[in-house]
Amino acid sequence: MRTTTERVRRQPETTALYQIVQQHLQTFCARVAAAPAADTRHATLPTFVERELRGFLACGILARGFCRVHCDACGKDELVAFACKRRGFCPSCCGRRMADCAAFLIDEVLPDVPVRQWVLSLPHRIRLLCAYDPQACRTVRSVFVRAVSNTYLRQARRRGMHRSNTGAVVFDQGFDSAIRVDLHFHSLVPDGVFTCAPGQARADFHDADELTDAEVARTIRHIHRRVLRQLRRLGKLDDADADAAAQDPDVLLQLHAAAVQGRTALGPNAGTPDSRPGRGTMHVQFRHGPGSLCADFDGFSLHAAVRVRQGRPDRLEHLIRYVARPPIATERLSILPDGRVSYAFKKRWRDGSMSVVLDPLTFLERLAALVPRPRKKLVHYFGVFAPAASWRHRVVPPPRHSVEAGTAAIAPPRCAHQAADLTPAPELQPESTVGTVGSAVEQQPAKNSPPPPTRPNFRAIPHAPRKRPRRRRYYFWAELLKRVFTRRSNCILPSRSDWIRPRDASVPSSVPAGTRLRPPPEPLGW
């Protein structure tokens, strides 16, 4: 007997995160507007941050619009509310983006080879600079990827492979477990190099040697030296601008600076550190033992101990979901009786801290600091995984999805070359009489008739247009739920839907004329 899981409608209005934003958003915007600033242009909250906060209040609310989905198998109707599709902190939209990104990388980007995770953490000053300045973040990311790639290419050259290449997929993770701004980079790198001879269809993968602590330490020293050199060359680390975050009129920079240090940015309690219950009850010294593959140098930290071996795509997909996860876990967020917000840690910290307790307005400051800038990419591809890489089609997995049920379809003739290749033109076909169904009996040509014209062979023409199989980028909810929870859910596959928007209840244009719609479902009591 097959068991199924009934769908339960998401009710964001009952969560603590929604209640905090709904009750204190107007007060937070008024506090930001009342903050002293020398330049009135930067005295207000940026438009993209306010749009993110207000858009979250409409996510999953049926009154803001929904879709009625009908299942032809069981005849059941479901109401699915519209999503905000934001990238900041919405647990639902960020969770869907997390699962979709992991499925896409496993199916379409990362080959079945060993993959190692390299994590780079930065000191507070450079962390703030990268979180606020996109140019500085891009510079540090490039130095990090180049240093890690050189570690593998150096090993390949020692083994005699001079025409080798590697790649990386880098995630910008801008938070920590205490909801502070902690920008660090998670890089997924194949644990080896690729080689490809001229004319070879697929690239060959060669495993790297066993990674040692000395190589990790040498890599972090190289990253430290190159990052400081590049940032000073760009004028980002001038000594005269050491306290610019405290005196700059830009409200967003003040929010980032306070969130990096774990303090309140605005209001009468500005500069107050966060309260962490249990802090100081433990004093555990963290030391890197032999074989830990972790190194620290002058505030920079590099960790490379996580490795997924070949043939384990489920483990790799779980790792990708971890590095692409949302910043807020709603099950660990709660509202205390005195009105403050408590966010529990997944693990106890080395100093004994078990959670962080924030004022509701301070909590909104953290949410505002976690919102990424518009058109800023959160996933980056380097090396053989880059979109324009010459070896990319030789490294990535072959397409598993196509437009026509997984097969590479051929487009209809679009020029004379392909038309002549597929079938002769009607005026060039000899006369025939139809015999049985699907067969044709050719007549003998008349006496003294000219020979039929011959068709040129266009099979050798390289530019003959043919349709390539398209990769299906979008994943349905049922596919993502099955990949994440490894079980089936009922009535999730899209079948038929009636879109209903506020103040617009007309029949959509996609419904044919004369179609009789079903009666509306029973009222839900809202």
Legend entry - Side-chain ion pair, Arg366 and Asp274, N-O less than 4.0 Å: yes
Legend entry - Distance-only donor-acceptor check, side chains His222 and Asn150, under 3.5 Å: no
Inset, instruction - Determine the interplanar angle of the Phe56 and Tyr18 rings, folded into 0 to 90°, and report it as parallel if under 30°, tilted if 30 to 60°, perpendicular if over 60°. - result: tilted
Legend entry - Phe185-Phe171 aromatic ring centre distance below 6.0 Å: no
Inset, instruction - Verify the distance criterion only: is there a donor paired with an acceptor across the side chains of His186 and Gln117 at less than 3.5 Å? - result: yes
Inset, instruction - Flag the pair Asp359 and Arg340 as a salt bridge only when some basic side-chain nitrogen lies within less than 4.0 angstrom of an acidic carboxylate oxygen. - result: no
Inset, instruction - Taking only Lys NZ, Arg NE, NH1 and NH2, and the carboxylate oxygens of Asp or Glu, determine whether Arg276 and Asp351 approach each other closer than 4.0 Å. - result: yes
Legend entry - Residue Glu331 excluded, over 12 heavy atoms near CD under 6.0 Å: yes
Inset, instruction - State whether a side-chain donor-acceptor pair under 3.5 Å links Ser149 with Thr166. - result: no
Inset, instruction - May I ask you to establish whether Arg279 and Trp349 are in a cation-pi arrangement, using a distance under 6.0 Å from NZ or CZ to the six-membered ring centre and at most 45° from the ring axis? - result: no
Inset, instruction - Report yes or no: is the cationic atom of Arg375 (NZ for Lys, CZ for Arg) closer than 6.0 Å to the six-membered ring centre of Phe48, at no more than 45° off its axis? - result: no
Inset, instruction - Indicate yes or no: at least one non-hydrogen side-chain atom of Val308 is less than 4.5 angstrom from one of His318. - result: no
Inset, instruction - Please check if the side chain of Gln310 supplies one atom and the backbone of Asp112 the other of a donor-acceptor pair under 3.5 Å. - result: yes
Legend entry - Check: Arg97 side chain, Arg325 main-chain N or O, donor-acceptor pair, under 3.5 Å: no
Legend entry - Lys236 bridged to Asp133 by N-O distance under 4.0 Å: yes
Legend entry - Lys376 atom NZ: more than 12 heavy-atom contacts under 6.0 Å: yes
Inset, instruction - Answer with yes or no whether the side chains of Asn269 and Thr264 bring together a donor and an acceptor at under 3.5 Å. - result: no
Legend entry - His224 versus Arg221, side-chain donor and acceptor atoms under 3.5 Å: no
Inset, instruction - Report the C-alpha distance between Thr330 and Thr15 in whole Å, list the side-chain angles of each, state the deciding distance to 0.1 Å, and finish with yes or no for side chain to side chain donor-acceptor pair (under 3.5 Å). - result: CA-CA 7 Å; Thr330 54; Thr15 61; over 6 Å; no
Inset, instruction - Could you verify whether a donor N or O on one side chain and an acceptor N or O on the other, from Gln19 and Glu13, lie under 3.5 Å apart? - result: no
Inset, instruction - Salt-bridge test for Asp107 and Arg483: reply yes if a basic N is under 4.0 Å from a carboxylate O, no otherwise. - result: yes
Inset, instruction - Report yes if some heavy atom in the side chain of Ser164 is under 4.5 Å from a heavy atom in the side chain of Phe194; otherwise report no. - result: no
